[in-house]
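Keep in mind that what you see is a predicted model, and the values were worked out from it rather than measured. Letters go in sequence order (proteins before strands), and every chain restarts at 1.
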4 protein chains.
Amino acid sequence: MPISKKTTTKTPADGRRRELLATAAEVFAAQGYNATTVRRIADEAGILAGSLYYHFDSKESMLDEILSAFLDELWAGYDAVLAAGLGPRETIEALVTESFREIDRHRAAVAIYQKESRHLVDQPRFAYLAASQRKFEKAWLGTLERGVADGAFRADLDVRLAYRFVRDTVWVAASWYRPGGAHSPEEIARQYLSMVLDGIAVRPQEP
Amino acid sequence: MPISKKTTTKTPADGRRRELLATAAEVFAAQGYNATTVRRIADEAGILAGSLYYHFDSKESMLDEILSAFLDELWAGYDAVLAAGLGPRETIEALVTESFREIDRHRAAVAIYQKESRHLVDQPRFAYLAASQRKFEKAWLGTLERGVADGAFRADLDVRLAYRFVRDTVWVAASWYRPGGAHSPEEIARQYLSMVLDGIAVRPQEP
Amino acid sequence: MPISKKTTTKTPADGRRRELLATAAEVFAAQGYNATTVRRIADEAGILAGSLYYHFDSKESMLDEILSAFLDELWAGYDAVLAAGLGPRETIEALVTESFREIDRHRAAVAIYQKESRHLVDQPRFAYLAASQRKFEKAWLGTLERGVADGAFRADLDVRLAYRFVRDTVWVAASWYRPGGAHSPEEIARQYLSMVLDGIAVRPQEP
Amino acid sequence: MPISKKTTTKTPADGRRRELLATAAEVFAAQGYNATTVRRIADEAGILAGSLYYHFDSKESMLDEILSAFLDELWAGYDAVLAAGLGPRETIEALVTESFREIDRHRAAVAIYQKESRHLVDQPRFAYLAASQRKFEKAWLGTLERGVADGAFRADLDVRLAYRFVRDTVWVAASWYRPGGAHSPEEIARQYLSMVLDGIAVRPQEP
DNA sequence: CATGAATGAGTGTTCATTCAT
DNA sequence: AATGAATGAACACTCATTCAT
């Protein structure tokens, strides 16, 4: 059950759409949605601006499709993790790892989401963004609280602050992450988790 | 010696400028620079769009003035910290605290900086943003390396990753921080530092 | 000899053309020629927009064919009436009746004619509209003048005004007439003629 | 109490608006609303297309203002007639005369109304057109029925048909009427009334 | 200082039309 | 006969900017 109500109709000639969406996502991510002209996307795709409208209703509907496809995939991964019945620490580890995998696969969509979701949320068309945010918060906050309760996480945490801390820490990575770099998503996740869970300072010496 | 070369001329009618800049900053932060119309700023200020051009050369020059004023103040604070000769951990603590104070004082400017700096950097007019970023990176990265060298920070850190981690962690806060809330900037800084330095997981029991 | 020079080629696949033209006429009448998109016609016909161009050269040529077919039929009827050698009053009666029959049979075409002919007249392609109008005026005006001369119609008439009066009165009916309604075209013609010829006021009493 | 809810704000600098509206009305009437480009109106006014948007929200709002101003004036005249307590025949005479005066004063608006009102009625913004039509029908139909009841009009009339007959007969005149021609509106009204009330045929001889 | 009116370049979008398949 | 994809010109509209008053 996808977070967005879109029925991703998989018609045979669907390939062109996907190509064009990938192009659009790349440009949106690089220049921002508003600053991106439909002509720029068309140029990048090697067609004329008007021709995009054979495939899409509007510039906005391209954005919509990009974001909802991303969120659908993200939640497929998250839901699997949340259904696995792991402990709080292991859940956090799995969610962070899954997030970096999504960043790896949908870098452009993630960057767009970061930059644009705040003002899109208010538009009825993008109501699913708000729904996703609520679900997201519930998953992370719940896991953190569970961890504090069972002693996995520090009891002196401001859990809401910790939630924002972890959330931002992970997703902002999309702004500098480049797929195919030195580190795999799993490796980056491991290092992030190491910092988030154990801090960057050395532990007081154990005798 | 300010990071931006602007000569902050203090003409008598300077108060109006400052008011208008504050208004513009608020709108830029809320809607994004590109999505903000000059008319919207003028509406908010109670004048007509054309009248803004008595005070400013262009919409871009408003943005310029907002960002350079912010960076000048930021670096006044940072430079004082860096000149104080503190140890690495104390330097990090002081920089983070100073950063949250800036967020508190220049929330709008910080938010604008976060959202817009990436594509502004390329324009000659905003070259000082790149200069600031380099200086910023040097300060933080240097401190982290110093800390690893003298045993204050974990030796197994990927220092560049840790830099991004700390940097993002701090500044993204501008996107949700609201001045006058429950926590003072210093209190938020303390909690952030606690998480960054010591992690959110409980430490292994010492006997 | 038809008023329009079109050679109505009767190819075997002519049935499809006629269907498509009927569809187009209906949409043109309902939404106006300019406001009608070729896509809308194609939708209504259950094919794609481009496919219409297998059957027709252009949107304009559909309009052309619709109007000229209508005018050819109209003049077949009118010419028969005019050739019958009736008196002026009987001629008017026959023309009005014939007109309502045309409205009944070609409602869409008549409505299109009413709405669009004024600005089409200037285009060379639609020169036959002007020819038809001249012939039309000559027939009606001549009959009215004949009637005034032989005492069938009132001598104090401004004949040009009376011509416009009768002409408009008849054709505007196409804008509200719906075939298959309560009244047959002949019945409506009878009532119209009663009003046009004898007025709606009661006659002064004859002793 | 105007038929349209518009508050015709009479600001001092309102003159330019009125000029531009008159220009727009003329072009709308000549070419049809849809076929008229905003550029054409601007050309006619000697400014650039974009400049029109300083004065008006949209092309549609120009149309709206033209139609509602016309209807407000029309109903001012009609309401005065209907309130005068005249007999049915005198009421019809006064309404027809008033109508031709409106055609004389607002020729363009009347022509636009004739051509466009049918499809505008459905849009919420133009709901007042439907209201006007209902009020119009009530006034004319009521008067005709009253006239039939008290013996002023023929008892054998199909009143609805007579209503359409008179209505169309009057307003279609806007399509050929040119102000400043040979006949004054009152003169045309007189002749129309003569035909509508007494018919164009000679009356049977009274002995 | 501010307004009222305009400019001109650009934006998203529409649509009749074309054409290889 | 019809489709899928594209073209290219035009369209309504936006907006930063200018300038005489």
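- Proximity note for B:K59 (side chain, C-beta onward) versus E:dA6, E:dT17, F:dA16: the nearest is F:dA16.
- Two residues, D:L48 and B:L20, neighbour DNA chain E, and the one matched to the more 5' nucleotide by heavy-atom proximity is B:L20.
- Between the side chains of D:Y128 and D:D64, at least one donor N or O sits under 3.5 Å from an acceptor N or O.
- Non-hydrogen atoms lying under 4.0 Å from DNA chain E are contributed by nothing in residues 26-38 of chain D.
- As a whole-Å value, the separation of B:L52 CG from F:dC19 P is 17 Å.
- Here E:dA6 is the nucleotide among E:dA6, E:dT3, F:dA6 with the atom lying nearest to any side-chain atom of D:R16.
- When distances run from any side-chain atom of B:I47 to the nucleotides E:dG8, F:dT7, E:dA2, the shortest one goes to E:dA2.
- With distances taken from any side-chain atom of D:Y54 to the nucleotides F:dA2, F:dA6, E:dA6, the minimum falls on E:dA6.
- In plain terms, the two heavy atoms of A:V38 and A:A49 that are nearest each other are CG1-CB, 3.8 Å.
- Along DNA chain E, the nucleotide closest to D:S51 and the one closest to C:Y53 are compared, and the more 5′ of them pairs with D:S51.
- Each of D:A49 and B:E60 was matched to the nucleotide of DNA chain F holding its nearest heavy atom; the match closer to the 5' end belongs to D:A49.
- Across the protein-nucleic acid pair, D:F56 atom CZ and E:dA6 atom P stand 11 Å apart, rounded to whole Å.
- Computed from coordinates, the D:R39 CZ to E:dG8 P distance equals 12 Å when rounded to whole Å.
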